Amino acid sequence: MSRISQLAEALRNNQIDAFFAQAPISMGYLHGFWESSHERFLTLAISSTGELRLICPSLSAAQAARVGIQDIRTWADGEDPYELVRELASDWNLKTGIVAVDDEMPAAMLLGLENALPTALFRAGGASISSVMRSKDADELDLLTRSGHIADRTFDALLGFLRPGLTERQIERFINESMLDLGGKPTFCIVGTGSGGAEPHHLTGNIVVQDGDTVVLDFGCSLEGYQSDITRTVAIGSASEESKKVYDIVFRAHMAARQAIRPGVTSHEVDAAARAVIEEAGYGPQFFHRTGHGIGLHGHEEPYIAPGNTTVLEVGDCFSIEPGVYLEGKFGVRIENIVTVTETGHRSFNDDPSASITVVG
Ligand code: ZN
Ligand code: ZN
C-alpha cells in the first residue's frame with residue numbers, strides 16, 4: 001500500500017477528513033516532495049479517500065511536477081493563497097470538516113487556515129502521520145543501519161583522538177569532520193565535560209578537557225535524511241571509583257531496557273526496565289528524562305520510550321535507548337544506542353557499548 005493510502009486509512013480511523021502536510025519531511029516521506037516554502041503558504045493536502053492536491057507558490061510548481069504531483073494549484077506573490085484553500089474546501093467538502101495539520105506547521109499558516117475556513121475544525125496531525133511513519137520498511141532500515149555505522153566508526157576514531165588539553169569545540173569539530181568524511185551529514189553534537197556532562201543537553205563550549213574528567217559524547221548525522229544518534233561516556237586519563245560505579249549502573253540499565261524490547265510490550269515497560277535498575281542503585285532522582293525517542297527522518301519522533309506511554313511496540317519501530325545519571329556539579333553518564341524491534345526482540349544499529357567505562361588519552 002502506498003504511503004498516501006496508508007495515511008488516508010489512518011485519517012479514516014481517526015475520523016479526520018483531510019490532512020494538510022506542510023513540513024518538508026512529511027511531504028518528502030509521502031510523495032518525495034522535499035520542498036520548503038519558508039514563509040509562503042504551501043500545503044500538500046491529502047483527503048481521507050486518498051485524493052491529493054498541492055497548493056504552492058508558483059516558485060515550487062516545477063519541482064512538484066517533477067516528483068509526479070498531478071493536481072497543482074499555484075499562487076503568485078501578491079495573490080491570496082487562502083483563495084485556493086477555500087476552493088479546495090468546496091471541492092472536497094471540508095467547510096465543516098475536520099482537518100489535521102502537520103504539528104510543525106507555522107502558527108501564521110494555521111491561523112490563516114482558520115480564518116479562511118471558520119467552520120472547519122483543525123487538529124494536530126502528528127498522531128495520524130506518525131502512525132504511518134513509525135514502521136520502517138527495508139530501505140529505511142538499511143539507511144538507519146548505515147547512518148548508525150557512521151556514528152560507530154566516528155566514535156572509534158575519536159578514541160584515538162581524545163586527550164587532555166582539547167576543548168569541547170575541538171572535539172566537536174573532529175566528530176563533525178569524521179562523520180562528513182564517512183558520508184554523513186552532521187546534525188548535532190554534544191560534548192559534555194565534567195560537570196557539563198551532568199547537563200543532558202549541555203551546550204558544547206570552550207571547556208578544556210582535563211586528566212580525570214568524565215566526558216559525555218552525544219552526536220549524530222543523517223544519511224539520505226535518515227538519522228543516527230549515539231551517546232558514549234568515557235574517562236580521560238583515569239576513571240574515578242564513582243564514575244566507574246555510575247557507568248556500571250547506566251550500562252546495566254541500558255541493557256535491561258534492550259532485553260525488554262519485543263513486539264507487544266509497551267513503551268512504558270521498556271522505560272521501566274531501565275528505570276528499575278537505576279532506582280535500585282539509589283540514583284532514581286538523577287535519571288530525570290525518558291529512556292528514549294523514536295527516530296527516522298526526524299531526530300525525535302514516535303514512539304517515545306517514556307513513563308506512562310502505553311504505545312504497544314511493533315516490528316519496524318526504531319528508537320533510542322539512552323538512560324543516564326547526572327550528578328550535578330560533578331559529571332554525567334549516558335549510554336545510547338538506536339535499535340529496531342524485530343520478531344524476536346530487537347536489533348541494534350550501533351555496536352554494543354563497552355561494559356565498563358573506557359579510559360582514553
Ligand atoms: Zn543522542
Ligand atoms: Zn537520542
Side-chain angles (χ1 to χ4, degrees), residues 25 130 133-134 136 140 143-156 158 168 171-172 174-176 178-179 182 184-193 196-204 214-223 225-234 247 250-251 253-255 257-258 261 267 270-271 273-275 278 287-307 309 311 313 317-326 331-341 346-354 358:
I25 286 178
S130 67
M133 291 185 81
R134 60 180 268 211
K136 272 54 176 186
E140 294 180 290
L143 286 167
L144 287 165
T145 303
R146 289 160 54 200
S147 191
H149 193 69
I150 293 171
D152 282 334
R153 296 294 75 78
T154 295
F155 178 66
D156 292 345
L158 193 55
E168 291 177 346
I171 297 167
E172 175 187 44
F174 178 90
I175 289 170
N176 286 342
S178 171
M179 291 191 291
L182 291 162
K185 185 171 159 190
T187 47
F188 73 98
C189 181
I190 300 168
V191 179
T193 302
E199 303 165 353
H201 283 169
H202 176 67
L203 209 59
T204 303
T214 301
V215 183
V216 176
L217 304 144
D218 184 353
F219 54 89
C221 66
S222 68
L223 186 68
Y226 285 85
Q227 309 285 318
S228 56
D229 184 358
I230 190 172
T231 308
R232 294 292 182 256
T233 303
V234 301
Y247 185 97
V250 175
F251 174 78
H254 175 92
M255 296 314 268
R258 284 174 51 185
I261 300 166
S267 295
V270 174
D271 178 89
R275 209 163 291 283
I278 293 173
F287 175 30
F288 43 74
H289 58 69
R290 65 194 175 208
T291 293
H293 54 82
I295 191 166
L297 288 167
H298 302 98
H300 290 184
E301 60 180 44
E302 300 280 353
Y304 292 98
I305 309 302
N309 185 351
T311 301
L313 297 178
D317 281 337
C318 298
F319 49 83
S320 70
I321 294 295
E322 52 178 307
V325 165
Y326 307 95
F331 66 90
V333 174
R334 181 165 66 255
I335 303 173
E336 173 179 29
N337 276 31
I338 303 298
V339 302
T340 185
V341 181
H346 77 282
R347 174 168 76 82
S348 177
F349 295 137
N350 298 108
D351 296 340
D352 278 342
S354 169
T358 303

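This structure is a prediction, so every number in the text was calculated from the model and none was measured. Just so you know, ligand 1 is whichever comes first in the structure, and atom 1 is the first atom listed for that ligand. Basis for what follows: all heavy atoms, side chains included, without hydrogens, waters or symmetry-related copies.
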- Task: Output yes if His300 passes the N/O/S-under-2.8 Å test against the Zn ion (ligand 2); output no otherwise.
- Result: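 His300 does not place any N, O or S atom closer than 2.8 Å to the Zn ion (ligand 2).
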- Message: Report whether any nitrogen, oxygen or sulfur of Glu322 sits less than 2.8 Å from the Zn ion (ligand 2) (N, O or S, backbone or side chain).
- Response: yes
- Message: Could you identify the N, O or S atom of His293 positioned closest to the Zn ion (ligand 2)?
- Response: NE2
For the Zn ion (ligand 1), what is the closest N, O or S atom on [X]?
X	result
Asp218	OD1
Asp229	OD1
Glu336	OE1

- Residues Gln227 and His300: side-chain donor-acceptor under 3.5 angstrom: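 Not at all, the side chains of Gln227 and His300 share no donor-acceptor pair under 3.5 Å.
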- Item | Thr233 side chain vs Arg334 backbone, donor-acceptor pair below 3.5 Å | yes
- Quick check: does any side chain N or O of Ser320 sit under 3.5 Å from a backbone N or O of His293, one acting as donor and the other as acceptor?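 Yes.
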- Message: Quick one, Ser348 with Asn337, criterion side chain to side chain donor-acceptor pair (under 3.5 Å). Give me CA distance, side-chain angles, the key distance, then yes/no.
- Response: CA-CA 7 Å; Ser348 177; Asn337 276 31; 3.0 Å; yes
- Message: Ring-plane angle category for Phe251 and Tyr247, please: parallel below 30°, perpendicular beyond 60°, tilted otherwise.
- Response: parallel
